[in-house]
Each structure stands twice: as C-alpha cells, then as structure tokens.
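By convention in this document, chain letters (A, B, ...) are assigned in the order of the sequence lines, proteins followed by strands, and residues within each chain are numbered from 1. This one's a predicted model, so the numbers in the text were calculated from it and none came from an experiment.
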2 protein chains.
Amino acid sequence: MNDACFRKIQTLRLLPKAPARKSVSTLLEELSGRGFVIDRRSLQRDLKSLANLFPIENDGNKDIPGWYWRRDAQKLELPEMEPTVALSFQMVKTHLKKFMPPSVLSELSPYFSNADKLLGNLKQNELSSWSDKVATINRSQPLIAPKIENEILSVIYLALLSETQIKTHYQPKLEEPRDYTINPLGIVIVDQVIYLVGTLWKYQDVRQFALHRFIKAENTQTSNIQTSSFSLKDYIDGGQFHFPIEDSNKKMVLKIRTNKWIANHLEEVKLSENQSILKLDDEIYEVTASVDNTQQLRWWLNGFGADIEVLEPTFLRQEFINASQALSKLYSINQKE
Amino acid sequence: MNDACFRKIQTLRLLPKAPARKSVSTLLEELSGRGFVIDRRSLQRDLKSLANLFPIENDGNKDIPGWYWRRDAQKLELPEMEPTVALSFQMVKTHLKKFMPPSVLSELSPYFSNADKLLGNLKQNELSSWSDKVATINRSQPLIAPKIENEILSVIYLALLSETQIKTHYQPKLEEPRDYTINPLGIVIVDQVIYLVGTLWKYQDVRQFALHRFIKAENTQTSNIQTSSFSLKDYIDGGQFHFPIEDSNKKMVLKIRTNKWIANHLEEVKLSENQSILKLDDEIYEVTASVDNTQQLRWWLNGFGADIEVLEPTFLRQEFINASQALSKLYSINQKE
DNA sequence: TTTAGTGGCGACAACTAATGTCGCTTACTG
DNA sequence: CAGTAAGCGACATTAGTTGTCGCCACTAAA
C-alpha cells in the first residue's frame with residue numbers, strides 16, 4: 001500500500017474526540033514522530049478530504065485552529081464487532097444496569113450502541129428485537145444509584161490518571177458545602193456508589209469522597225502530593241468501607257444443611273472448587289466447602305433464612321444462633337405491642 | 001479523498017475475523033453493493049498491499065482462497081478509546097469477573113486489553129499499575145461459575161442469532177448424556193449460569209438447558225421450528241427460574257426500622273425515588289419506600305438479619321415473623337442435640 | 001495603525017500510485 | 001484431458017499526490 005492511505009488512517013487515530021482538539025502543527029509533529037515526514041500542505045489537504053468521509057471537523061477558530069472527531073461520531077472498529085461479541089455486550093449491558101453507576105455506563109455507550117446496531121442489522125427483516133431473546137436475572141435487590149455529572153466524573157478520572165490535584169466544591173452529608181483541594185489516590189465502587197479516596201491539601205490522612213456529592217470539580221495542572229506507600233487494597237482491608245475484600249488468609253471450612261433446591265443450585269455454581277454435597281434424604285442435603293470468612297458470606301447465608309442451617313465452623317454457627325435469637329426477640333417483642 | 005483510500009478502509013471493515021474467511025469474489029460483490037465498482041485485479045492488489053500493514057492473511061487454500069483478520073489481530077478503533085472510557089472498562093472488568101461467566105468475558109477481552117494497553121501507555125514511566133487504583137466491592141458472595149467451552153458458546157449464540165436449529169450432545173443432571181436437536185428461543189443468565197431456552201425437535205414444550213452441560217454443539221443450517229407466540233419474559237415470569245423478574249404491577253409500600261449505618265447507606269443508594277427516612281433516635285431509623293414485591297427484596301432484607309425489622313406491609317411482616325420462628329426452631333432444636 | 005509571525009489556501013508542474021486489460025499459469029472438476 | 005475459476009506479472013493510461021510558491025486573513029505586540 002502506498003504511504004498516503006496508511007498515513008491517513010494514522011491521522012484519523014491521532015485525532016482526539018470532541019471536547020479536545022489538535023492543531024495541524026501538533027499533528028504534523030506527531031506524524032513525523034511516527035515516520036511520516038510530510039509537508040504541512042499535504043496534511044491540510046488530507047484533513048480536508050477526510051472531513052468529507054468521516055465525522056471530523058475543525059473549529060473555525062482563528063487563533064489556534066484545531067481538528068477533532070465530532071462528539072456524536074460513532075465508533076468505527078477494525079475488525080468489525082463479531083455478532084457473538086455484540087450479544088455479549090447486550091448481556092453485559094442489561095446486567096450492569098443494576099450494578100454499575102449510570103455515569104460509568106454512559107462512558108461505554110458507544111460500544112453498546114455499536115452492538116445494538118449490529119444486532120439490528122442482522123435482524124432487520126424481523127420484528128423480534130434482541131432484548132426479547134436475552135434476559136438476566138440476579139439475586140440482588142435493585143437500588144437506585146446516585147447521579148453523577150458526567151463532567152465531574154471525567155475530571156476526577158483524568159486527575160487520577162495524570163496524578164494531579166483537583167479543586168472541588170463538595171457537599172458533605174450533614175454540613176455546609178466546602179472547598180477542597182484533593183490529591184486523588186484511588187477509586188472504589190461499593191455497590192453502586194463511587195468513592196474517591198485521597199488526601200486533602202498537603203495533609204497525609206486519607207479520606208473518602210462520594211462522587212455524587214461533588215458539586216464542582218476542576219483539574220489543576222499541579223501534580224499530586226505523594227502519600228508515601230499508600231496501598232488501596234490495604235486501605236480497604238483496614239475496614240474503611242465497613243467490610244474487607246476477600247482475603248485468602250481467612251479460609252475456613254463451611255458445612256451447611258439445606259434443602260434440595262439450594263443444593264441443586266450449588267451444584268451448578270459452586271462455593272469452592274473442593275465443595276462436596278451429601279444427600280441425607282430427598283429433602284435434606286449437607287454441603288461442605290472451604291470459603292473465605294467474610295461479611296459477604298454472612299449476607300449470603302442470611303439471605304436464605306431458615307433454608308440454610310450453618311453446622312460448622314462452630315463460631316459461625318454460634319453467630320447464627322445468636323442472630324436467630326435476636327431476630328425472634330425483635331419480632332416477638334414488637335408483636336405484643 | 002480519492003476513492004482508493006476510502007475503499008481500502010471499507011475493505012478492511014468487510015473482512016471477517018479469523019475462523020471465518022471471505023473470497024475475493026464475495027468481497028468484490030459486497031464492495032460493488034456499496035458503490036465501489038472495481039476490477040477484480042484491483043481488489044487483489046488492495047488486499048496484498050493491506051496485508052503488509054495490517055494483520056490480515058489469506059489461507060493458501062487452493063480451493064476457495066479466503067482472506068481474514070488474523071485471530072490475534074488487535075482491535076483498531078476510530079476514534080481511539082478515551083482514557084476515561086478505558087478506566088470504565090477496567091472497573092467493569094473487575095466487577096464482571098464475579099458476576100458473569102468467564103466465557104462471556106473472553107468474548108470481550110479485545111476491548112479490555114485495548115483499555116489496559118491505553119492505560120499502560122499513559123503510565124509507562126511509572127510502576128503503579130491501574131489495578132492498584134481501582135477497586136470494586138460488593139455485597140454478594142463469590143461463587144465459582146461453571147466453565148463453558150468458547151466454541152459451544154459461539155455455536156449457540158450464532159444459532160440464536162440466525163434462528164437455526166442446533167444438534168447437541170447434552171449431559172442432563174442425573175441421567176446419561178443424550179443427543180438433542182434444539183430450536184433456540186432465548187438465553188437467560190441466572191447469577192453466573194447461562195441457560196438456553198428452547199424446544200426439542202418438532203415439539204412445542206419449552207425446556208431449559210444449562211450451557212455448561214453441553215458436551216457438543218453443532219450448527220445446522222436448518223431453520224428453526226417456530227414456536228408460536230413465545231415470549232421469554234412471560235416464560236420467566238411464569239416462575240420457570242424460581243423467581244419472576246421485577247414487575248411494576250407488584251408495587252407495595254415497604255416500611256422498615258433499622259440502625260444508623262444502614263439508614264446512612266440507604267440515603268446514598270435509595271430503594272425508590274420516593275423513599276423517606278425518619279430518625280427516631282440516634283440509633284433507630286424508619287425507612288419508607290415503594291418497592292416491587294419480589295423474591296430479591298426478601299433476600300435483601302434477610303441479608304441484614306436482625307438489623308432490619310419489617311413493619312409494613314402486614315403480610316410481609318407476617319412472613320418475617322414466621323421466618324424468624326422457623327429459624328429459631330431450627331437452631332434451638334438442633335442445639336439440644 | 002503598523003509590523004512581524006502564523007497558518008490557511010489556490011495554483012502548478014513533477015511525480016507517484018491506481019486502474020483496466022491482456023495473457024500466462026495453477027489448481028481443481030468432471 | 002478439456003473446462004472453469006482464480007491468481008499474478010506486465011504495461012500503457014489515467015488519476016491522485018506532493019512540494020513549492022505566492023497571496024491573503026488573522027493575531028498580537030509595537
């Protein structure tokens with residue numbers, strides 16, 4: 001292939017998406033950095049001809065004219081998305097709706113709409129839509145995720161990526177809004193809430209900020225105040241989010257007694273690789289597996305109520321005996337009222 | 001731009017990915033369908049020159065020579081992925097690991113690796129990797145998803161897409177493996193298990209098949225036996241998967257009494273738009289919200305054990321009173337043993 | 001208002017690439 | 001062994017691309 005065509009494709013890759021823009025001079029430099037030594041005039045011609053075929057534009061700005069992909073430009077993928085990949089995107093999308101904050105999903109919407117379009121083309125002569133053929137079901141209660149401004153989200157993402165400070169206006173839970181300058185250290189998603197973990201100004205103590213509580217956020221070019229040897233994993237394990245993430249040091253052997261339906265289910269989706277199921281009679285099964293000793297396990301066991309009886313380990317059984325007493329106390333007292 | 005370059009880009013888009021291939025004649029036809037009337041010889045030249053610049057190949061097959069993108073070809077996106085999008089993909093990936101079957105994720109891996117690469121480039125001069133800056137935490141117990149052969153997954157996907165029958169070898173739970181010819185109707189993901197919903201041979205009754213239980217699957221070109229007026233949603237709502245998906249017809253007003261921590265949490269992630277929280281004293285709160293009357297709600301409420309007391313509606317309270325009695329019976333009886 | 005600097009754009013001739021055609025060769029088919 | 005389909009080299013023609021130059025528009029500092 002001649003240089004020209006390949007260079008044009010590379011030029012398309014170098015162009016930024018809508019809010020950003022690049023001047024002809026910048027592009028010229030970047031291209032020459034990639035081995036395309038070319039006259040300024042040629043690049044001008046390239047861009048102009050590409051603009052006829054692709055959704056790219058230049059702002060008429062007289063000062064520093066810049067070229068960019070239009071905001072509504074749809075993704076062009078090479079090689080094209082496979083139909084099976086499109087179907088996977090569909091599934092992931094319906095699933096994520098319940099678990100991920102909408103602002104994260106909206107970042108990925110170009111990919112989802114590409115998938116929709118592809119599936120739509122395949123079935124253009126039929127009325128049945130894809131959503132009628134795919135369903136996802138899960139055990140979790142749908143909760144309403146708080147809304148985050150897309151702009152605030154991207155400011156915070158970019159600050160984290162470039163390790164720079166941000167100037168913010170933040171609304172704490174019970175107090176008046178305040179101005180903070182934050183050194184971002186990490187992002188934690190708990191259920192559907194996104195938290196920014198970071199330090200304030202020049203201080204060393206690490207704090208959390210819910211992203212939906214930011215009223216304003218602005219990227220400074222000032223670089224981060226480094227907090228020596230901060231580890232997000234250690235921070236979370238320290239219990240800052242009310243429960244540690246799983247930790248292989250806390251293995252224990254769990255033994256439960258349960259009914260046929262749950263035992264069947266556990267046969268498909270195992271608690272652990274070494275799980276074993278013992279059938280006592282047609283309706284009573286015992287399941288043994290080594291699992292992590294976590295809060296998540298307790299929630300999961302609790303969820304089944306009286307359909308699961310914890311047999312071992314002893315300390316967990318005791319917890320459940322205590323909990324059952326607390327529960328019966330709760331309801332019997334109030335029932336008398 | 002001249003035709004030539006644009007045509008080459010379109011040619012790249014028309015090429016399929018590795019297992020599939022397209023002959024020069026097919027491409028010629030498809031291109032002419034898109035307005036590129038061109039000599040066969042030119043296309044041959046195009047493909048050959050493109051092969052120098054992109055990972056495309058032709059099999060030396062003498063019978064029906066075909067061109068295709070190499071299997072390990074990495075995605076080329078126009079416009080390129082934004083850093084913030086890459087970060088979102090990272091989050092989604094860590095989250096999906098726990099909820100989606102690995103075979104679905106492996107379909108999306110080109111996108112994840114694109115994101116990784118982009119974030120890697122941004123930070124190439126630093127040791128800190130992205131996974132150290134992003135964490136997701138959720139309330140659900142990690143369970144081990146059953147493994148599905150990638151090939152079986154894609155055969156079933158494609159059959160569903162093209163509405164054709166599949167010939168399979170299937171391993172039912174307790175019986176010997178059997179041969180089935182299935183007319184696929186839909187796919188349901190329950191937690192981490194994927195089920196294919198469909199009918200057998202020429203029969204009308206709808207059945208479920210867990211994807212990880214397929215030993216073999218083969219696409220026939222025979223088209224589907226249409227099952228008149230099948231609706232996946234109705235099928236699921238019929239209780240075939242042990243609990244219906246949420247249904248706005250089953251709204252009710254829920255009132256619970258709970259502690260400070262849970263109330264705080266619900267303030268961030270609401271049960272419903274009209275949720276209200278009443279503070280009774282520093283540790284006792286009442287939360288009211290209209291929610292769907294679903295199994296998911298019960299699991300969710302159960303999960304908190306004695307930390308949530310259900311006050312209204314009365315029938316739900318009665319359910320919880322019964323459940324607490326069943327639970328205390330369970331543990332007090334066995335305790336005596 | 002002038003002046004220097006920057007960048008866009010039209011024109012043009014030299015150059016390079018792309019195109020269709022032809023004929024030869026190879027491989028598979030019946 | 002003929003017939004068909006496809007790849008490939010060669011070649012003249014056509015079309016597109018390139019660097020250069022000069023002109024103009026705009027901006028910012030004098």
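Side-chain atoms of A:Arg7 and A:Gln10 include no donor-acceptor pair closer than 3.5 Å. In the model, B:Gln90 has a side-chain atom that pairs as donor or acceptor with a side-chain atom of B:Asp116 under 3.5 Å. There is a side-chain donor-acceptor pair under 3.5 Å between A:Tyr111 and B:Glu77.
Taking atom CG on A:Asp46 and atom P on C:dA17, their separation rounds to 15 Å, with Å as the unit. Counting to the nearest Å, the P atom of C:dG8 and the CG atom of A:Asp59 are 11 Å from each other. In this entry the distance linking NZ of B:Lys48 with C1' of C:dA17 reads 17 Å, nearest Å. The distance from atom CG of B:Leu28 to atom P of C:dT19 is 12 Å, rounded to the nearest whole Å. Here C:dC9 presents its C1' atom at 14 Å from CG of A:Leu43, a figure rounded to the nearest Å. In this entry the distance linking CG of A:Leu47 with P of D:dT18 reads 12 Å, nearest Å. Computed from coordinates, the A:Leu53 CG to D:dG16 P distance equals 13 Å when rounded to whole Å. The interatomic distance linking B:Ile38 (CD1) with D:dA15 (P) rounds to 14 Å, in whole Å.
Distances shown here put every side-chain N or O of B:Ser23 at or beyond 4.0 Å from the OP1 or OP2 atom of D:dA6. OP1 and OP2 of D:dA5 both lie 4.0 Å or more from every side-chain N or O belonging to B:Ser25. The phosphate of D:dG19 has OP1 or OP2 within less than 4.0 Å of a side-chain N or O from A:Ser42. Residue B:Arg41 places no side-chain N or O under 4.0 Å from the OP1 or OP2 atom of D:dC11. Within the structure, a side-chain polar atom (N or O) of B:Lys8 is placed less than 4.0 Å from OP1 or OP2 of C:dA18.
Here the side chain of B:Asp39 is nearest to one of D:dG19, D:dG7, C:dG20, namely C:dG20. Checked against C:dT19, D:dG7, C:dG8, the side chain of A:Gln44 finds its nearest nucleotide in C:dG8. Counting only heavy atoms from C-beta on, A:Arg40 has its side chain closest to C:dG7 among C:dG7, C:dT19, D:dT18.
Note: A:Phe209 and A:Tyr170 have perpendicular aromatic rings, judged against thresholds of 30 and 60 degrees for the angle between ring planes.
Close placement of the B:Phe54 and A:Phe6 rings is indicated, their centers lying within 6.0 Å of each other.
You'll find a donor-acceptor pair under 3.5 Å spanning the side chain of B:Arg45 and the base of C:dG20, going by distance alone.
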